[in-house]
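These notes concern the structure reproduced below.
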Number of protein chains: 2
Amino acid sequence: MSRVTIADVATAAGVSKTAVSFAFNNPERLGQATLERVLGVAQDLGYTPHPAARALSMRRSGTIGVLIPQRLSTVFANPFVSELIQGLGEQCEEHDLTLLLVPPLDGSLEGAIRQASVDGFISLGLSPDDRALEVLDRIGIPTVLVDSESSPSHPSINVDDEGGAEAAARHLLELGHRQLAIIVLPPARAQVNNTPTAARRLSGYQKAIRAAGAPEPYPVVAGISVAAGARAFESLPRGKRRPTGVLAMSDMAAIGVMSAGQAAGLRVPEDLSVVGFDDVPASAWTNPSLTTVRQPIIDKGRLAARLLIQLMKGKTVESPAPLHTSLVVRNSTSSPADSDLPIRRR
Amino acid sequence: MSRVTIADVATAAGVSKTAVSFAFNNPERLGQATLERVLGVAQDLGYTPHPAARALSMRRSGTIGVLIPQRLSTVFANPFVSELIQGLGEQCEEHDLTLLLVPPLDGSLEGAIRQASVDGFISLGLSPDDRALEVLDRIGIPTVLVDSESSPSHPSINVDDEGGAEAAARHLLELGHRQLAIIVLPPARAQVNNTPTAARRLSGYQKAIRAAGAPEPYPVVAGISVAAGARAFESLPRGKRRPTGVLAMSDMAAIGVMSAGQAAGLRVPEDLSVVGFDDVPASAWTNPSLTTVRQPIIDKGRLAARLLIQLMKGKTVESPAPLHTSLVVRNSTSSPADSDLPIRRR
DNA sequence: CCCAATCCTTAAACCGTTTTAGTAAAACGG
DNA sequence: CCGTTTTACTAAAACGGTTTAAGGATTGGG
């Protein structure tokens, strides 16, 4: 009743286990006749090599792990991950690899890492002092960092967050906005400090705002979801200090702000301009369509996988230069209605 | 330089391998003093059990596989999967399981199945005669079918596709539409026949259309992506036989039809009404927002994982009744402009 | 002082593969 | 006819853990 093993096949075919193994992995080392017999018997018995046994023996599992810093249910609510997986997946399929999603188990990412039988890891948004990275180092498993900080020990892949954010802020300022709010990404794991990504975007926003001599922006922390964005809108200042423009660090939050704003009777963009970040596909279909900072998410995934695969082959790889970001101007931004600048509605 | 094994720890701590194993898995079987010493040494050496070895020995890997019938890059372009994973993930995290994505490798899902070291599988949208299912049976691994057909050998989870589709079609017909087009889902794998899901939805549409005595609808096959939906719009009949309403089997395709239609100068819904299927979150934000058939995707994932976990515990489980679907009426549907019914724009 | 019970600890078997280091027989060259 | 290759196959040793069955102290009771 239990699983058919290589020994069963060997006995049935009247050969050694080695021969059976060769039949599958080294067919040229067997005689024509035996090869066919063994394969035939294996087929009849429905033999399938035990993956774990194979992984143990070959020291490779054919799987790469994606280290996810938060719960799957929150992370996969953001299309960002879907897109990243599209990029990763393309490379995986090309190299016969499968993809293991590794979220924190029991709150512990470290524990999850240990449990995972993978040949390499892609980590998402870990800050460089995260204890999970120590574990990875200790195990000595190839790792590529995505949306982290460049690290001496692992190649890391980033986009020009600061430049993109700066362009976004400058866009609003040039439209005549002065009073801005910033929707800040929450820390990736229950830690005090921001993710490196959030820090870089924040710095880009601030750089542009200072250069323009505009007042300090109002910061709100909000999760990467439409609902969180909507809540963020509620906590924006009212009255005189009401921001006319919102810089969101994610498209999902931006969409939340837009719809909450519209539900509260504001016109977007006339009364409230909103800029997102990421340019997930959905931002092109929203009402109004979302002005946002585009980052090449699929490319990012593809590149990350490609580097990891190099690493797994034993090659050494350098961190590539940050990928390019660009502002995509759509219909969620315009000059503020009360601005003295001409209203340039697109 | 190589990995720290249990034997290294044992030697360093002056105990047997067994003692080290007990220290982690059966601490109560060790004396206070040795326990602490062993754990200390393990910590210092940075010992981490080899997952594959563990999996081989314990006959469980702590992973469940998601069988994906198509390339990751196409499947993850559809938010449907993201949502399903949110449901699956919730249960996985609760039971300390990780999630392995298993797409076809080298075009072969069967091969990928063999390679995957998992304790159970969740299969998506396989038709019941798919050869992959044979492999699963042969290996004798617990399996739950999602969006398939109910099978004697595996529990399967479905929603009331037919009822939902019927409601969608009836909605358009009641608004006064006569000439309808149907965007049919493509077959999941390179096979001739439709997926069971597509078949059930089609049957629902047709049932309503026949009941209303409307003319045969015009069918177009299109992939589950916005681009595919847009292409589908292009291939719709023009002139007299132009459909005034489109029934799409996925929200993504529906969104594609809408935007292609708008780009071609049609007003949605006045000139063209569109109904989607799934009710992915994005369909609430589109312009206009999308009327669609809601299915509880997250619940579906949660339920599938729950059943699989039962199955893995050795319990026997029955296929639950199809989950409920309901029509969500938003702004992409109205009476056709040239209808003799009053235009009831919502 | 002996026997049994209790507590720790361990040697050895096992999980199911791959791989190394052969061996026996056949083929070959001179 | 005799080494030397080549061919076809195999026994045994990894791989790195867990688990079973048993062994050796230590303790307590009689």
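All figures in this text were calculated on a predicted structure; none of them were measured in a lab. Letters go in sequence order (proteins before strands), and every chain restarts at 1.
A close approach under 4.0 Å does not occur between any side-chain nitrogen or oxygen of T34(B) and OP1 or OP2 of dC8(C). Remark: S21(B) is in phosphate contact with dT18(D), judged by side-chain N or O atoms under 4.0 Å from OP1 or OP2.
In terms of heavy-atom proximity, V4(A) sits nearest to L45(A) at CG2-O, 3.5 Å. Closest heavy-atom contact between A55(A) and S61(A): CB-CA, 4.0 Å. Residues I139(B) and I113(B) come closest through the heavy atom pair CD1-CG2, 4.1 Å. Pairing each heavy atom of Q86(B) with each of F76(A), the nearest pair is NE2-O, 3.1 Å.
Side-chain polar atoms of T197(B) and T195(B) form no donor-acceptor pair below 3.5 angstrom.
Spacing between atom CZ of R3(A) and atom C1' of dC14(C) amounts to 16 Å, rounded to whole angstrom units. If you measure from atom CD of Q32(B) to atom C1' of dT9(C), you get 16 Å, rounded to the nearest angstrom. At whole-Å resolution of the value, CG in N26(B) and P in dT20(D) are 10 Å apart. Note: CD (E28(B)) to C1' (dC8(C)) measures 13 Å, nearest angstrom. Atoms CZ (F24(A)) and P (dT19(C)) sit 15 Å apart, rounded to a whole Å. With rounding to whole Å, R114(B) atom CZ is found 13 Å from dT17(C) atom P. Taking atom CD1 on I6(A) and atom C1' on dT18(C), their separation rounds to 8 Å, with Å as the unit. One atom, CG of L30(A), and another, P of dT7(D), lie 14 Å apart when rounded to the nearest Å.
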Verdict with reasoning, D8(B) to Y47(B), per side chain to side chain contact (heavy atoms under 4.5 Å, CB included): CA-CA 9 Å; D8(B) 300 332; Y47(B) 167 67; over 6 Å; no
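Nucleic acid contact class of V20(B) (heavy atoms, under 4.0 Å, all strands): none. Heavy atoms of N25(A) sit under 4.0 angstrom from primed sugar atoms or phosphate atoms, though from no base atom.
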Dot-bracket summary - DNA chain C, pairs being Watson-Crick or G-U whose distances fall under 3.5 Å, with | when paired to another strand: ||||||||||||||||||||||||||||||
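Counting only heavy atoms from C-beta on, R29(B) has its side chain closest to dT9(C) among dT17(C), dT10(D), dT9(C). Here the nucleotide nearest the side chain of T18(B), chosen from dT10(C), dA13(C), dA13(D), is dT10(C).
Between F24(B) and L39(B), some side-chain heavy-atom pair lies under the 4.5 Å cut-off.
Of the possible donor and acceptor atoms, one in the side chain of S319(B) sits under 3.5 Å from a partner among the backbone N and O of S156(B).
Across residues 45-60 of chain A, L56(A), S57(A), R59(A) each have a non-hydrogen atom less than 4.0 Å from an atom of DNA chain D (numbered order).
Just one of V102(A), L101(A), L100(A), I68(A) meets the side chain to side chain contact (heavy atoms under 4.5 Å, CB included) condition when paired with L99(B); it is L101(A).
Below the 3.5 angstrom threshold, one finds no donor paired with an acceptor across the side chain of K17(B) and the base of dT10(C).
A salt bridge (Lys or Arg N to Asp or Glu O under 4.0 Å) check over residues 68-94 of chain B, counting only residues at least two apart or in different chains, returns the pairs R71(A)-E93(B), E93(A)-R71(B), E90(B)-R302(B).
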